[in-house]
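Residue numbers start at 1 and run along the sequence shown.
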Amino acid sequence: MVLTNKDSYYFHTSDGVKLHYLDKGEGEAIVMLPGWSQSVEQYHHQMAFFSQHYRTIALDMRGHGHSEIAEYGYKVYRLAKDVDELLMHLSLDNVVLLGHDLGSAVILCYWDLFGASKINKLVLIERVAALVCNPEWSPQQIADYGPLVDPDSAMQIYNTVYGNKGNNYKAMLLNHEISNKMSEKEKQWLIKNSYHFPGKYAAELLYNHFHQDWRDVILRITVPTLIVAGRASPTSVSSQEWIHKQIKGSKLAIFEEEEGGKHFMFIEGADKFNRLVDEFIKAD
């Protein structure tokens, strides 16, 4: 999980923010987006595997990892714009976009804003249609859309992350999302890595992330899509099945708990995850 200068690059966005990305290998391009408060280094298994056969790129979103901690722009739509500007900066098209958690929300927003012109395939890891529950939803709608918090809880979490207990919340959340299959060293690295994103900006982005509704966007996806989730994750399997049904021709992969099937299966079950994505990319 150590960056090398050889594979590490920077570019400036149209609103003046210096963003960091990894770029390694040659061939069809895979662009990977990490989750909330994480960095490109969460994809160290994927960088090592995919760069043998693909051009493998991972973007640190603003405020994350080695990117600049700007004072603005912590909205999902701005992060999607940043991705578009990265693709333009690298003159990329026909790419595979892969995102985990918040990263997959950025992908959905990218699709909504920019469509399929530069996209070949999508990989959505641990994504739900709506994170905040509508009190009027039926039990079936809750099962389908996969909300994880109610409106009051969303506000409480925002205040906690914004305040002086933000790092405690991040550690608690990650402990809930990681199984005992992950080594203690890697677990502690993920927790420590999440502390880099300042509480104020982490809270602003999380609040914006909470209040996105992707149901109508999911219905309009027309490129091959792989949906990946863990059986033991806070993300419900029923919500993944709903997304799978909405995207024609999509593929659904659920990692069982013994396979590292919680929120970070691409780390805990890296070998299977990498094979699965590789087969998906190569499939007609």
Side-chain angles (χ1 to χ4, degrees), residues 33-36 38 76 97-112 121-154 156-157 172-182 206-269 272-273 276-277 279-280 283:
L33 307 177
W36 176 73
Q38 288 299 325
V76 177
L97 277 183
L98 179 153
H100 172 232
D101 191 80
L102 169 66
S104 60
V106 174
I107 289 174
L108 293 177
C109 190
Y110 179 94
W111 180 269
D112 197 25
K121 295 183 177 182
L122 302 178
V123 181
L124 305 177
I125 308 166
E126 291 282 295
R127 179 71 263 141
V128 298
L131 278 169
V132 176
C133 186
N134 183 333
E136 298 298 318
W137 283 346
S138 68
Q140 185 61 58
Q141 288 174 309
I142 292 171
D144 288 345
Y145 308 150
L148 296 175
V149 297
D150 59 36
D152 288 341
S153 297
Q156 291 170 5
I157 293 169
M172 179 276 295
L173 180 65
L174 284 166
N175 275 305
H176 185 55
E177 295 171 337
I178 295 169
S179 80
N180 56 17
K181 188 177 178 68
M182 184 180 290
L206 187 60
Y207 184 84
N208 183 260
H209 181 207
F210 273 153
H211 293 91
Q212 306 300 317
D213 185 341
W214 304 112
R215 287 176 293 170
D216 66 320
V217 179
I218 290 166
L219 293 172
R220 292 183 282 113
I221 292 176
T222 57
V223 297
T225 301
L226 173 63
I227 301 152
V228 185
R231 180 79 63 184
S233 168
T235 303
S236 68
V237 171
S238 61
S239 69
Q240 305 307 285
E241 292 171 340
W242 184 85
I243 293 174
H244 174 47
K245 291 176 184 176
Q246 311 314 307
I247 304 175
K248 185 177 180 180
S250 64
K251 181 177 181 180
L252 173 63
I254 303 296
F255 280 62
E256 300 301 328
E257 185 170 6
E258 61 270 19
E259 298 175 308
K262 291 199 82 171
H263 196 55
F264 290 88
M265 79 292 295
F266 54 91
I267 296 176
E268 299 191 57
K272 177 181 175 179
F273 178 88
L276 184 72
V277 173
E279 292 169 1
F280 170 71

Is a side-chain N or O of [X] found less than 3.5 angstrom from the main chain of [Y], in a donor-acceptor match?
| X | Y | answer |
| --- | --- | --- |
| Asp213 | Ala130 | no |
| His100 | His263 | yes |
| Glu268 | Ser179 | yes |

Among Leu174, Leu33, Leu102, which residue satisfies the side-chain contact (heavy atoms from CB on, under 4.5 Å) criterion with Gln38? Leu174

Check: [Y] and [X] side chains under 4.5 Å, non-hydrogen atoms:
| X | Y | answer |
| --- | --- | --- |
| Ile157 | Phe210 | yes |
| Leu108 | Leu124 | yes |
| Leu276 | Phe255 | yes |
| Pro135 | Asp150 | no |
| Trp214 | Cys109 | yes |
| Gln156 | Val149 | no |
| Lys251 | Leu226 | yes |

Closest approach of [X] to [Y] (non-hydrogen atoms, all atoms of both residues):
| X | Y | answer |
| --- | --- | --- |
| Arg127 | Ala105 | NH1-CB, 3.4 Å |
| Arg215 | Ala129 | CG-CB, 3.7 Å |
| Gly146 | Ser236 | CA-OG, 4.2 Å |
| Pro151 | Val132 | N-CG1, 3.8 Å |
| Ile178 | Lys262 | C-CD, 3.7 Å |
| Glu177 | Pro234 | CG-CG, 4.4 Å |

To the nearest 0.5 Å, how far apart are [atom1] in [X] and [atom2] in [Y]?
| X | Y | atom1 | atom2 | value |
| --- | --- | --- | --- | --- |
| Ile218 | Asp112 | CD1 | CG | 11.0 Å |
| Leu122 | Tyr110 | CG | OH | 10.0 Å |
| Ile107 | Leu98 | CD1 | CG | 6.5 Å |
| Ile227 | Ser239 | CD1 | OG | 9.5 Å |

Above 12 or not: heavy atoms from other molecules or residues under 6.0 Å from [atom1] of [X]?
| X | atom1 | answer |
| --- | --- | --- |
| His176 | NE2 | no |
| Asn180 | CG | no |
| Phe280 | CZ | yes |

Does the pair Phe273 and Ile125 meet the rule for a side-chain contact (heavy atoms from CB on, under 4.5 Å), with working shown? CA-CA 11 Å; Phe273 178 88; Ile125 308 166; 3.6 Å; yes

Check the pair Phe264 / Asp101 against side-chain contact (heavy atoms from CB on, under 4.5 Å), numbers first and verdict last. CA-CA 10 Å; Phe264 290 88; Asp101 191 80; over 6 Å; no

Check this for me, if you would: do Glu259 and Lys272 make a salt bridge, where the nitrogen-to-carboxylate-oxygen distance has to be below 4.0 angstrom? yes

Do the charged groups of Arg231 and Glu257 touch, with an N to O distance under 4.0 Å? no

With side-chain contact (heavy atoms from CB on, under 4.5 Å) as the criterion, how do Val128 and Gln240 come out once you've worked through the C-alpha distance, each side chain's angles and the decisive distance to 0.1 Å? CA-CA 7 Å; Val128 298; Gln240 305 307 285; 4.1 Å; yes

With sequence neighbours left out, the residues meeting salt bridge (charged side-chain N to carboxylate O under 4.0 Å, His left out) with Asp144 are none

Output a table of donor-acceptor pairs, distance under 3.5 Å, between side-chain atoms of residues 241-249 and any protein atom two or more places apart or on a different chain; print 'none' if there are none.
unit_1: His244; atom_1: ND1; unit_2: Ser250; atom_2: O; d: 3.3
unit_1: His244; atom_1: ND1; unit_2: Ser250; atom_2: OG; d: 2.8
unit_1: Gln246; atom_1: NE2; unit_2: Trp242; atom_2: O; d: 3.0

